[in-house]
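Just below is one structure, and these are the notes that go with it.
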Amino acid sequence: MPLRTTRLMLAEEPGAIEHAAEVLLDGGLVAFPTETVYGLGALGLDSDAAGRIFEAKGRPSFDPLILHIAHAPELERVAEVNEAAWRMAERFWPGPLTLVMPRSTAVPDIVTSGLPTVAVRVPAHPVAHALLEAVGEPVAAPSANPFGKLSPTTATHVRTGLSGRIDVILDGGPTARGLESTIISVAEDVPVLLRTGAIPAEEIEEMLGVRLERHVPTSRPATPGQLDSHYAPHTPVIVSTEPVADPSRTGLVVLRKTGVEKDFAAVEELSADGDLTEAAKNLFAALHRLDALGLDLIVVRPVPETGLGAAIMDRMRRAAFREDE
Ligand code: AMP
Ligand code: MG
């Protein structure tokens with residue numbers, strides 16, 4: 001792909017959002033903060049523009065994109081919306097919930113990877129919101145990282161991964177949630193949890209009054225965030241409670257320190273209070289830091305799989321997965 005000059009701009013810089021919106025309207029690529037992770041945006045109803053996202057990320061064409069809109073009523077332009085979708089939108093938008101619904105004819109095939117459904121959300125981050133309002137069009141935006149790698153929670157992560165491949169990075173500081181959106185399909189009669197994420201499944205089930213069906217991943221998944229290997233650092237990762245052969249060459253990720261970590265080369269404590277919301281927010285940045293140390297191994301100690309713990313452990317297992325396993 002042709003090399004691009006990547007311009008890093010502070011989101012609060014006067015004119016930054018307007019500039020980024022113009023770049024998008026011209027068919028360019030803009031990375032921007034959302035409350036989950038940084039997204040890599042392009043015009044979502046323009047197949048050439050959306051195609052550039054796949055090129056820049058090295059993303060396979062079977063991995064569909066999420067459309068981001070400024071306001072829930074814009075849903076009707078891109079999807080066939082049913083009652084369940086409106087209820088969830090009303091409760092959780094703006095916010096880290098992605099809804100999968102039957103698509104409208106306005107949505108190009110490249111965005112949905114040819115699927116009959118489209119994924120949509122309304123982000124809550126003020127910079128994302130201002131950008132979407134300035135563009136006035138749906139913006140397709142997967143995470144702003146090379147395909148399969150650790151998700152970006154700071155503008156620096158984006159620059160390290162995609163510099164020279166995209167036009168603008170809007171720096172709005174570290175993201176608040178640190179985990180991708182929860183994805184729910186409301187395309188069928190029964191709502192299905194396609195990806196765990198920043199809103200715990202239990203919270204959605206409580207609101208709907210039904211248990212969500214769980215999607216069973218296959219090797220060509222409906223939701224490629226569900227690929228076995230994903231969110232992966234360069235350094236090998238294992239999720240384990242076992243002692244480690246050479247702690248001096250090993251980085252450790254723990255929810256909270258217990259005092260037995262001193263032999264490790266580096267330790268990342270996700271939350272001194274054992275708070276899973278704080279742990280989720282720190283997770284990817286902790287892995288980025290350990291990965292930068294060039295160690296032999298990263299060991300992750302499991303966290304409880306309730307609430308956000310389910311999404312945290314999902315990301316950790318995919319970071320740890322190796323093809324030869
Ligand atoms: P990313 O933003 O990189 O985490 O990727 C967006 C996620 O949304 C991917 O895992 C996609 O597969 C998923 N997604 C997008 N569109 C659909 C759809 N129509 N059906 C199921 N999953 C989808
Ligand atoms: Mg991603």
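Both ligands and their constituent atoms are indexed starting at 1 by order of listing. As a basis for the values below, the full set of heavy atoms in this structure was taken, side chains included, without hydrogen atoms, waters or symmetry mates.
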Exercise for review: Identify, by atom number and element, the atoms of ligand 1 in contact range of Ile66, meaning under 4.0 Å from any of its heavy atoms.
Suggested key: 6 (C), 7 (C), 8 (O)
Review point. Does Arg195 come within less than 4.0 Å of Glu180, counting only side-chain N to carboxylate O?
Key: no
Check your understanding: What atoms of ligand 1 come within less than 4.0 Å of a heavy atom belonging to Ser143?
Key -> 1 (P), 2 (O), 3 (O)
Review point. Is the Lys NZ or Arg CZ of Arg318 less than 6.0 Å from the centre of Tyr231's six-membered ring, within 45° of the axis?
Key: no
Check your understanding: Does Arg301 come within less than 4.0 Å of Glu269, counting only side-chain N to carboxylate O?
Key -> no
Review point. Under 4.0 Å between a Lys/Arg side-chain N and an Asp/Glu carboxylate O for Glu137 and Arg77?
Key: yes
Review point. Which of the numbered atoms in ligand 1 are below 4.0 angstrom from a heavy atom of Leu115?
Key: 18 (C), 19 (N), 20 (N)
Practice item. Decide, yes or no, whether a salt bridge links Arg214 with Glu205 under the criterion of side-chain N to carboxylate O below 4.0 Å. Key: yes
Review point. So, is Arg59 polar-close to ligand 1, with some N/O to N/O distance under 3.5 Å?
Key: yes
**Study point:** Contact with ligand 1 for Arg195, non-hydrogen, under 4.0 angstrom
**Key:** yes
Check your understanding: Relative to the heavy atoms of Ile183, which atoms of ligand 1 are at a distance of less than 4.0 Å?
Key -> 7 (C), 8 (O), 13 (C)
**Study point:** Donor-acceptor contact below 3.5 Å, side chain Arg159 vs main chain Ser163
**Key:** no
Exercise for review: Evaluate the side-chain proximity of Leu255 to Pro304: yes if any heavy-atom separation is below 4.5 Å, no if none is.
Suggested key: yes
Review point. Going by the atom numbers of ligand 1, which of them fall below 4.0 Å from some non-hydrogen atom of Thr117?
Key: 18 (C), 19 (N), 20 (N)
Check your understanding: Are His129 and His68 close enough that their ring centres sit under 6.0 Å apart?
Key -> no
Check your understanding: Which one holds for Thr98 and ligand 1: side chain close, backbone close, both close, or neither close, with close meaning a heavy atom under 4.0 Å?
Key -> neither
Revision key, fill the gap. Within 4.0 Å of some non-hydrogen atom of Asp63, the atoms of ligand 1 are 9 (C), 11 (C), 12 (O)
Study note, to complete from the structure: Leu65 heavy atoms within 4.0 Å reach ligand 1 at atoms 15 (C), 16 (N)
Check your understanding: Would Tyr231 count as a contact for the Mg ion (ligand 2), in the sense that one of its N, O or S atoms lies under 2.8 Å from it?
Key -> no
